[in-house]
2 protein chains.
Amino acid sequence: MAPRSNETKQRILDAAEKLFAKEGFAGVTVRQIMREAGADVALAYYHFDSKRDLFDAVLMRRADHMNDVRHAALDAVEQRHPDDAPSVQEIIEAFTQPLLKLLAEDHDTWRDYFALIAQINNSPQWGGELMTRFFDPLVRRFMDAIRRAMPDAADVDLFWCYNFLSGALTLTFAETGRIDNLSQGLCQSKDMDAISDRLPRFIAAGFRHICNPT
Amino acid sequence: MAPRSNETKQRILDAAEKLFAKEGFAGVTVRQIMREAGADVALAYYHFDSKRDLFDAVLMRRADHMNDVRHAALDAVEQRHPDDAPSVQEIIEAFTQPLLKLLAEDHDTWRDYFALIAQINNSPQWGGELMTRFFDPLVRRFMDAIRRAMPDAADVDLFWCYNFLSGALTLTFAETGRIDNLSQGLCQSKDMDAISDRLPRFIAAGFRHICNPT
DNA sequence: GTCTATAGCTTGATAGAC
DNA sequence: GTCTATCAAGCTATAGAC
């Protein structure tokens, strides 16, 4: 593959990521993507089989790295606790903070991707299948870790709590601007420090309250 | 307006609600909607100005009732506490339980509408504007009530906690089937009793943990 | 690898008969 | 109110020159 080819391919993926994130799969045409990428429509079909194939490629491009940084964060937590179990909050932080850190450090690169994930997660059409395929292996490892931290918790409680975590996390990623409106500017969707300080503690408190047998 | 007309109009709205919920605004054609409704394409444009006008009509049709039942639930809580402030959990329950109750009692009517709201809430394209327009007046009243229950809480903390609540609540409504997959059938997206038992307690614990100054 | 050109279809929307 | 018929525009995707 010529070096020029891969460059164009990445430009197409960048353009597709940006537009799919804003308008969803059906809300964007291949023509719009290629106009944004500054290349001809036919090139989309040279580099990808179809519009749907391009969509999958956009998702896949960053999924591995996303899973890697989260696995690494959980590795680090477990190495800090060779004998005892880590706290629920430490585990939740290993799940959320790597993503918030990516966003904080390279906002332009990750914002659109995370907004896309948020839409997929909440879509009956895509959510069940795609989230399961891309992220459930990682999620299972986190669930195992939490189970060890709370050995008396019922599985059904743990899974529901994960559902609430997932919703809170992805809406926060979507950066829709609603919280900016509601708070009249007091909160800003893109303020990752503010989220970092609150989201993992909020979620860990919920887990403890629901899953800890009294 | 003839009685037959309104009947057809409702059938169009039902069909549009169902399809928009599954595939989003752009993912559905007017032709598909009218096929589902069992009427001719031209009738869509007799009853509504445009596809977008039909979309807004779908949203508007149930928004008032949704807001009414939540206002009524908060009224009831406040009447139970003429002198002291209600607990955070009571207020959260007045926010969430009326919707879960609608879903539990009349699942077929409300499932698609709530799935649609979930997608809009997580869409950068629609979320900021539409959620603000339809629901923020009600949300402000709930924020005021919570502020009275936690007089020492900082506003910025309260708004972020509302954001987490909103994400958890709407993903739960979306019924994407992901939690069914992840839990291998242990949890079911449509099990409103399971959610009722856990969601408000989870959220209230988060609010208390973040907003209560130690 | 990148372009021109175009096939074959579907789209949102409307005009006009009944 | 409801239908038939239709339009201009835009769509995904491809064939073939360079």
_Here's one to test your reading of the geometry: is the NZ or CZ of A/R70 within 45 degrees of the ring axis of A/F95 and under 6.0 Å from its centre?_
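Checked: cation-pi criterion met.
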Phosphate OP1/OP2 of [N]: any [X] side-chain N/O under 4.0 Å:
X: B/Y45; N: C/dT14; value: no
X: B/T29; N: C/dT10; value: no
X: B/T8; N: D/dT2; value: yes

Rounded to the nearest angstrom, tell me the gap between atom [atom1] in [X] and atom [atom2] in [N].
X: B/Q10; N: D/dG1; atom1: CD; atom2: C1'; answer: 16 Å
X: A/I33; N: D/dG10; atom1: CD1; atom2: P; answer: 17 Å
X: A/R35; N: C/dC3; atom1: CZ; atom2: C1'; answer: 17 Å
X: B/D40; N: C/dG12; atom1: CG; atom2: P; answer: 14 Å
X: B/F55; N: C/dG12; atom1: CZ; atom2: P; answer: 14 Å
X: B/M34; N: D/dG1; atom1: CE; atom2: P; answer: 15 Å
X: B/I12; N: C/dG12; atom1: CD1; atom2: C1'; answer: 15 Å
X: B/D53; N: C/dG12; atom1: CG; atom2: C1'; answer: 14 Å

Closest approach to the side chain of [X], judged atom by atom: which nucleotide of [options] is it?
X: B/A42; options: D/dT2, D/dT4, C/dT2; value: D/dT4
X: A/Y46; options: D/dT2, C/dG1, C/dG12; value: C/dG1
X: B/S50; options: C/dA13, D/dA13, C/dT2; value: C/dA13
X: A/H47; options: C/dA13, C/dT2, D/dT4; value: C/dT2
X: A/L43; options: C/dT11, C/dC3, D/dG1; value: C/dC3

*asked:* For B/F55 together with B/W126, are the ring centres under 6.0 Å from each other?
replied: yes
*For the residue pair B/F202 and A/F202, does the interplanar ring angle fall in the parallel (under 30°), tilted (30 to 60°) or perpendicular (over 60°) class?*
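It falls in the perpendicular class, over 60°.
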_Within-4.5 Å side-chain heavy-atom neighbours: A/M192 and A/E105_ = no
*asked:* Taking B/R147 first and then B/D144, would you say they form a salt bridge - that is, a charged N and a carboxylate O separated by under 4.0 Å?
replied: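 Salt bridge between B/R147 and B/D144, a charged N being under 4.0 Å from a carboxylate O: yes.
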